Trainee: 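Below is a structure I'd like to ask you about.
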Number of protein chains: 2
Amino acid sequence: MTAPAAPLVAAEDAPVLALLRDGVPHTRAQLIELSGLSRSTLGLRLDSLLASGLVGPAGGGVSSGGRPPAYLAFRADARVIGAIDLGATHGVVALTDLAGRILSLESRELDIAEGPLPILDWATDALARLLAAARRPARDLAGIGVGVPGPVEHSTGIPTNPPIMPGWDGFDVPARLRERYRVPVLVDNDVNLLALGEHATVHPGVDDLFFVKVATGIGAGIISGGRLQRGAQGTAGDLGHVRVPFSSRTPAHGAADADLEALASGPALAGALAAAGIPATSTSDVAALARAGDPAAIDAVRQAGRDLGEVVATCVNVLNPSVVVIGGGLVLAGEHLVAGVREVVYGQSTPLATRYLTITESRSGETGGVTGAAIMLVQHLLEPR
Amino acid sequence: MTAPAAPLVAAEDAPVLALLRDGVPHTRAQLIELSGLSRSTLGLRLDSLLASGLVGPAGGGVSSGGRPPAYLAFRADARVIGAIDLGATHGVVALTDLAGRILSLESRELDIAEGPLPILDWATDALARLLAAARRPARDLAGIGVGVPGPVEHSTGIPTNPPIMPGWDGFDVPARLRERYRVPVLVDNDVNLLALGEHATVHPGVDDLFFVKVATGIGAGIISGGRLQRGAQGTAGDLGHVRVPFSSRTPAHGAADADLEALASGPALAGALAAAGIPATSTSDVAALARAGDPAAIDAVRQAGRDLGEVVATCVNVLNPSVVVIGGGLVLAGEHLVAGVREVVYGQSTPLATRYLTITESRSGETGGVTGAAIMLVQHLLEPR
């Protein structure tokens with residue numbers, strides 16, 4: 001058990017900090033009104049926040065006399081966060097500020113099956129290079145967030161039976177990173193982090209968001225009541241092995257009643273196309289073929305959208321989100337995937353659940369994973385409890 | 001818009017009250033240690049809580065000298081809550097304390113289609129009788145919680161398009177009750193309240209619980225991350241119209257790919273039995289036949305369990321609960337319903353999601369609804385935000 005170290009802010013100071021984290025400088029009088037705290041209690045909270053460096057005079061100016069500065073602001077640059085997003089074939093390491101904004105990043109192709117030691121060594125080296133280039137000493141690093149392409153026991157940061165990550169099962173990721181950096185390290189699966197990142201950057205006011213990633217595997221990240229929900233063992237959102245009802249499948253599209261991943265994942269579509277004599281071996285091959293206008297690829301992606309839609313329709317009835325976001329490599333095929341999802345969900349879910357429902361493509365792109373990893377740390381460090 | 005009135009406790013006092021609500025009296029020194037507050041801040045919080053009457057000397061004794069009492073305790077009897085549980089055919093009104101414990105209750109058969117005026121008048125009259133019998137003046141009433149058998153916009157307490165509640169669509173339930181009692185009134189659908197009640201009374205330590213009610217309709221209440229999740233429009237848990245994959249259905253059990261409610265609700269089973277010449281018109285008829293050993297009824301209930309299991313299996317993969325509770329009138333058929341659910345869920349869900357999963361019958365019985373209604377008020381009144 002690797003204990004995530006203490007937050008940067010005391011629980012009793014966090015509500016005042018939260019008021020300043022909206023990015024707008026405030027006066028003490030405004031903070032008293034917004035917080036409902038007495039002048040003396042607010043003064044104690046601000047003393048503590050000013051001492052931590054998380055809050056300072058707005059504009060960064062130094063107070064010239066003995067009077068307190070008129071406007072106070074959150075200093076997102078007080079510390080930095082290391083964000084590591086590891087996919088099956090690609091890795092991204094970023095340095096962010098305490099608002100989760102990316103300051104710089106480094107990426108490379110990799111094979112997650114190389115195992116944890118070489119990959120985490122690359123990531124920690126990359127982080128050292130980013131810190132050096134930004135002229136930030138290691139003591140400025142407030143924490144590290146890591147996303148991996150498989151299930152993780154979130155409380156310990158240890159991958160558990162990850163199907164596409166041989167060598168990572170039971171590996172203590174936080175302990176390895178903490179040999180190099182003595183900071184809190186949190187680990188989660190990549191889909192949860194994509195959901196966190198998309199929520200924070202694109203849909204910050206939405207309390208109920210359902211993010212589905214379709215690539216080598218299929219999984220979902222669930223925001224309910226404004227919080228990421230990981231479930232009892234951290235496996236919430238495991239859509240890959242959900243059975244698909246066959247209402248929308250025709251005989252031309254193969255046998256009914258299979259697992260979603262066997263029908264709609266990138267490799268499943270590539271396999272079906274290859275069997276029909278069209279060269280495709282990966283999600284990106286399928287996406288490229290569909291983008292280029294190949295009719296069989298377009299048809300396959302559209303049907304994958306419908307199959308996904310069957311499962312999303314159930315999730316919409318169960319979770320009643322206001323936004324469903326479709327992400328992952330297969331969305332690069334164009335609008336066909338989301339169109340298939342919409343076709344089935346609007347046809348099947350109850351009117352009350354779909355009246356105000358938006359189904360849309362992910363907008364966070366290749367940096368969605370590191371943004372989510374940084375947001376996970378921001379929440380841990382600045383929103384204790 | 002009926003504004004739910006202010007909580008009984010200020011937000012800044014709630015954490016100290018929460019420490020005392022575990023039922024164990026504490027000294028000031030213990031509370032300082034548990035809360036991490038300074039002696040002076042804790043003193044301010046306790047002054048406020050003592051003044052409110054929510055906290056008092058343990059055992060109810062009065063301090064004899066000038067010294068503060070040695071032990072302090074939560075006084076769950078400081079105020080009372082009115083809990084109203086309205087079903088399709090049955091109503092229960094209870095008086096509870098601030099811990100959600102039932103002090104007294106009154107119940108009757110009713111037809112929800114009589115409409116809101118006669119039914120809410122009965123409920124408010126029953127509440128007046130319970131208050132009088134308990135010798136509690138109306139000013140002791142801290143709030144009223146109401147459960148209804150249909151979708152409710154929780155923020156306003158107004159039923160929205162409830163299919164089995166003609167006359168209730170758009171009716172302002174809180175406004176009607178507040179003509180009689182000037183207290184906060186919160187309304188929710190009955191399944192959410194059953195989930196809240198079962199969680200609070202039977203599984204208080206569980207963060208992720210999925211409660212399914214099978215009776216005239218089929219619906220679920222979802223506890224994720226320790227909180228009831230209502231979704232964006234308050235319709236989360238709508239299982240009735242989810243499509244059922246047909247893997248476990250045989251031709252003997254009818255056509256595949258229908259809505260869950262058309263396959264597994266009490267009326268659906270009664271209809272199928274009646275078509276086979278067995279007299280049954282309601283959920284309770286089906287349950288009675290199965291309890292009496294009728295083979296066709298047992299077979300129908302077992303298959304309803306499997307059909308429900310198909311949908312629960314998906315929900316288990318998506319939500320990763322540690323406890324699934326099956327409630328509603330059809331569980332009175334005996335173990336057949338839950339056995340069918342278990343058969344499919346353990347066969348289909350991923351090992352990681354089912355390794356620590358318990359699937360069990362509801363234990364809260366006929367008072368589950370009023371208990372849940374009271375817990376909803378307790379959380380609103382004593383856990384602000």
Side-chain angles (χ1 to χ4, degrees), chain A residues 10-12 15 36-38 41 44 151 160-161 206-210 220 222 224-225 227-248 256-260 310-311 313-323 348-353 355-357, chain B residues 10-12 15 36-38 41 44 151 160-161 206-210 220 222 224-225 227-247 256-260 310-311 313-323 344 348-353 355-357:
Chain A
E12 55 187 7
L37 295 175
S38 67
T41 304
L44 291 171
T160 49
N161 300 313
V206 166
D207 275 346
D208 298 274
L209 179 146
F210 189 70
I222 301 167
S224 289
R227 308 289 301 177
L228 181 67
Q229 302 295 343
R230 297 184 170 91
Q233 274 79 43
T235 68
D238 183 356
L239 299 190
H241 302 97
V242 164
R243 295 282 177 103
V244 179
F246 75 133
S247 57
S248 75
D257 191 41
D259 284 2
L260 180 60
E310 299 280 346
V311 174
T314 294
C315 295
V316 163
N317 282 343
V318 171
L319 297 167
N320 183 212
S322 53
V323 178
Q348 281 197 9
S349 295
T350 55
L352 210 57
R355 193 185 304 159
Y356 304 105
L357 177 67
Chain B
E12 56 187 7
L37 295 174
S38 68
T41 303
L44 290 172
T160 48
N161 300 314
V206 166
D207 274 345
D208 299 273
L209 178 147
F210 189 70
I222 301 166
S224 288
R227 308 289 301 177
L228 181 67
Q229 302 295 343
R230 296 184 171 91
Q233 274 79 43
T235 68
D238 183 355
L239 299 189
H241 302 97
V242 164
R243 296 282 176 103
V244 180
F246 75 134
S247 57
D257 191 41
D259 283 3
L260 180 61
E310 299 280 347
V311 173
T314 294
C315 295
V316 163
N317 281 343
V318 172
L319 297 168
N320 183 213
S322 54
V323 178
V344 172
Q348 282 198 10
S349 294
T350 55
L352 209 57
R355 193 185 303 160
Y356 305 105
L357 177 67

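Chain letters run A, B, ... following the sequence lines, proteins first, then strands; residues in each count from 1. Bear in mind the structure is a predicted one, so any value in this text is a computation, not a measurement.
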Trainee: Checking heavy atoms, do the side chain of B/Asp207, its backbone, both or neither come under 4.5 Å from chain A?
Mentor: neither
Trainee: Would you check if B/Val318 and A/Leu319 make a side-chain contact, meaning some heavy-atom pair closer than 4.5 Å?
Mentor: yes
Trainee: How far does CG of B/Asn317 sit from CZ of A/Arg243, to the nearest 0.5 angstrom?
Mentor: 10.5 Å
Trainee: Is any side-chain heavy atom of A/Arg227 closer than 4.5 Å to one of B/Arg227?
Mentor: no
Trainee: Which answer fits B/Leu37, side chain, backbone, both or neither, if we ask what part of it has an atom under 4.5 Å from a heavy atom of chain A?
Mentor: side chain
Trainee: Name all residues meeting the side chain to side chain donor-acceptor pair (under 3.5 Å) criterion together with A/Ser322; count only those two or more places apart in sequence or in a different chain, and write none if there are none.
Mentor: none
Trainee: CD1 of B/Ile222 to CD1 of A/Ile222: how many Å apart, nearest 0.5 Å?
Mentor: 9.0 Å
Trainee: Using non-hydrogen atoms only, which part of A/Leu228 is less than 4.5 Å away from chain B: side chain, backbone, both, or neither?
Mentor: neither
Trainee: Measure distances from B/Asp238 to the heavy atoms of chain A and classify the residue's part below 4.5 Å as side chain, backbone, both or neither.
Mentor: both
Trainee: If we define contacts as heavy-atom pairs under 4.5 Å, which of B/Gly234, B/Gly225, B/Gly240, B/Gly237 has the most with chain A?
Mentor: B/Gly237
Trainee: Identify the heavy atoms of A/Gln233 and B/Asn320 that sit nearest to each other, and give their distance.
Mentor: N-OD1, 2.6 Å
Trainee: Taking atom CZ of B/Arg355 and atom OG1 of A/Thr235, what is their separation to the nearest 0.5 Å?
Mentor: 9.5 Å
